[in-house]
Amino acid sequence: PPRSTLFPYTTLFRSVSSDIVASSVKVRWDVIRVRMRSHLRLTITPRIAGKSGRTLGRKVIRACLTGVRELEKSPLMPEHFNEQTLDATKRLAKGSEGASLCFSSNGKDKVILTEKTVQHVDEIVSKVPQYIDFSTIEGHLEVVSVHKRPSFFIFETLTNHEIECVGSEDQFDKAISLLKKKPRLAVTGRVHYRNHIPKSIAVDEIEVMPDMGDLPQPEDIGPINITEGLTSEEHVWRLRNG
């Protein structure tokens, strides 16, 4: 399937897993099976390192299924969901083009998304405070898209929030040229916030930042002499007595 079809899936799974799995633990989502008969069927599984990886994977999958099921039933924010997840779920429900879109785990607990999901997501989002502010956001460039409009997406360094960046043709071309390296960018402009979370930015300026691994590390900083060669007792005595 095209990347534009898979992108809402990856956003949904990544967003939920980031709320469950520690940021220091790497989560990789793999498409392990694709079947095309009367309908397209994708089998996707999380790969999480560590002894508890399988348990965490099951918890993430259960949270995804429970969340989309709740959104189909009522306009209430599911646990482990946020606005990124809501938007991804809405795009999945709207993008089915008349075909039924079904989630399940091992063929059980099937959830079919309908127009009710879209309505419930819109109702939740309508109650969320929104505002615009001029700011700079740092994050890693990971996605360039022309699905709705030419834009690129960065994932905020500390929170991993996905932020859509919309700018000029030259800025879009620059993002394409940088995509393979997935660099850390500082993007400045008018930021649209929902529920105090940045969602999109009208880009005025893009700055390529050094990767975190290229910055000075604590072990690179040598000892600092603050006593001018004196013992700590002598230094304190000198400070007290001039």
Side-chain angles (χ1 to χ4, degrees), residues 3-21 23 27 60 63-96 101 103 113-168 171-172 175 184-206:
R3 186 182 184 90
S4 60
T5 303
L6 288 176
F7 184 58
Y9 285 97
T10 58
T11 301
L12 171 62
F13 297 142
R14 286 182 60 168
S15 182
V16 172
S17 62
S18 67
D19 194 63
I20 295 174
V21 183
S23 58
V27 182
V60 171
C64 290
L65 285 173
T66 300
V68 294
R69 180 181 294 108
E70 290 177 357
L71 285 174
E72 174 66 19
K73 290 181 178 180
S74 63
L76 297 175
M77 177 74 85
E79 185 180 9
H80 303 301
F81 273 45
N82 55 32
E83 287 197 63
Q84 269 189 346
T85 329
L86 292 178
D87 182 63
T89 306
K90 177 180 175 179
R91 280 187 282 167
L92 287 169
K94 290 182 67 175
S96 56
L101 179 61
F103 284 87
L113 300 185
T114 69
E115 184 62 28
K116 287 183 180 179
T117 298
V118 177
Q119 295 171 0
H120 292 159
V121 169
D122 287 341
E123 189 172 340
I124 295 171
V125 172
S126 67
K127 300 174 183 178
V128 173
Q130 303 185 40
Y131 61 94
I132 295 175
D133 195 10
F134 192 86
S135 184
T136 297
I137 296 175
E138 291 186 15
H140 281 88
L141 171 68
E142 295 194 18
V143 176
V144 174
S145 174
V146 294
H147 182 54
K148 290 184 179 179
R149 55 185 174 181
S151 61
F152 57 95
F153 292 78
I154 63 173
F155 291 81
E156 201 172 17
T157 303
L158 295 179
T159 65
N160 203 37
H161 287 145
E162 170 196 292
I163 302 156
E164 182 184 19
C165 304
V166 181
S168 66
Q171 290 167 337
F172 182 70
R184 190 163 62 98
L185 303 180
V187 183
T188 302
R190 293 175 63 82
V191 183
H192 177 206
Y193 291 85
R194 284 208 309 254
N195 201 23
H196 312 294
I197 296 174
K199 303 301 296 180
S200 64
I201 179 169
V203 181
D204 286 341
E205 183 179 349
I206 302 173

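Note that this is a predicted model, so its numbers are computed, not measured.
Residues V27 and V60 form no side-chain contact, since every pair of their non-hydrogen atoms from C-beta on lies 4.5 Å or further apart. In this structure, the side chains of S135 and T188 stay at 4.5 Å or more apart for every pair of heavy atoms. Residues R194 and V125 have side chains in contact (heavy-atom distance under 4.5 Å, counting atoms from C-beta outward). Proximity of P129 to N195: side-chain heavy atoms (C-beta onward) are separated by under 4.5 Å at one or more points.
In this structure, CD in E115 is found 10.0 Å from NE2 in H120, a value given to the nearest 0.5 Å. The line from CD1 of I137 to CD1 of I163 is 4.0 Å long, rounded to the nearest 0.5 Å. N82 contributes atom CG, which lies 5.5 Å from atom NE2 of H161 (distance to the nearest 0.5 angstrom). Annotation: the span from F134 atom CZ to D204 atom CG amounts to 5.0 Å, rounded to 0.5 Å. Note that CD1 of I20 is 7.0 Å distant from SG of C64, once rounded to the nearest 0.5 Å. Separating the CG atom in D87 from the CZ atom in F81 is a distance of 12.5 Å, to the nearest 0.5 Å.
Stacking of R69 on the aromatic ring of F103 is not recorded, the 6.0 Å distance cut-off and the 45° axial limit not both being met.
A pairwise comparison of heavy atoms in A63 and V16 identifies CB-CG1, 3.8 Å as the closest pair. Across all non-hydrogen atoms, the minimal contact from S17 to R14 is OG-O, 3.0 Å. In plain terms, the two heavy atoms of E156 and P198 that are nearest each other are OE1-CG, 4.0 Å. Across all non-hydrogen atoms, the minimal contact from R91 to T11 is NH2-OG1, 4.2 Å. Here the shortest heavy-atom pairing between V121 and L86 reads CG1-O, 3.8 Å. For I201 against V187, the heavy-atom pair with the smallest separation is CD1-O, 3.5 Å.
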Query raised in the report: side chain to side chain contact (heavy atoms under 4.5 Å, CB included) between F152 and V143: does it pass, once the steps are laid out?
Result: CA-CA 6 Å; F152 57 95; V143 176; over 6 Å; no

Requested in this report: Assess whether side chain to side chain contact (heavy atoms under 4.5 Å, CB included) is satisfied between V166 and R149, documenting all intermediate values.
Outcome: CA-CA 8 Å; V166 181; R149 55 185 174 181; 3.6 Å; yes

Requested in this report: Could you walk me through whether I206 and L185 pass the side chain to side chain contact (heavy atoms under 4.5 Å, CB included) test, one step at a time?
Outcome: CA-CA 7 Å; I206 302 173; L185 303 180; 4.1 Å; yes

Query - CA sep, side-chain torsions, deciding dist, call: V146, F172, side chain to side chain contact (heavy atoms under 4.5 Å, CB included) - result: CA-CA 10 Å; V146 294; F172 182 70; 3.7 Å; yes

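The closest donor-acceptor contact from the side chain of H192 to the backbone of I132 lies at 3.5 Å or more, if one exists at all. Remark: the backbone N or O of L12 is not paired with any side-chain donor or acceptor of S15 at under 3.5 angstrom.
For CD of E79, the number of neighbouring non-hydrogen atoms (other residues, nucleotides, ligands) closer than 6.0 Å is 12 at most.
For E123 and S126, the side-chain atoms include no donor-acceptor pair closer than 3.5 Å.
Evaluation of the salt bridge (charged side-chain N to carboxylate O under 4.0 Å, His left out) rule for E72 yields no partner, not counting sequence neighbours. Every ring-ring contact (aromatic ring centres under 6.0 Å, His included) that F13 has, sequence neighbours left out, goes to W29. Evaluation of the salt bridge (charged side-chain N to carboxylate O under 4.0 Å, His left out) rule for D122 yields K90 as partners, not counting sequence neighbours.
Salt bridge R184/E138: present, at least one basic N to carboxylate O contact under 4.0 Å.
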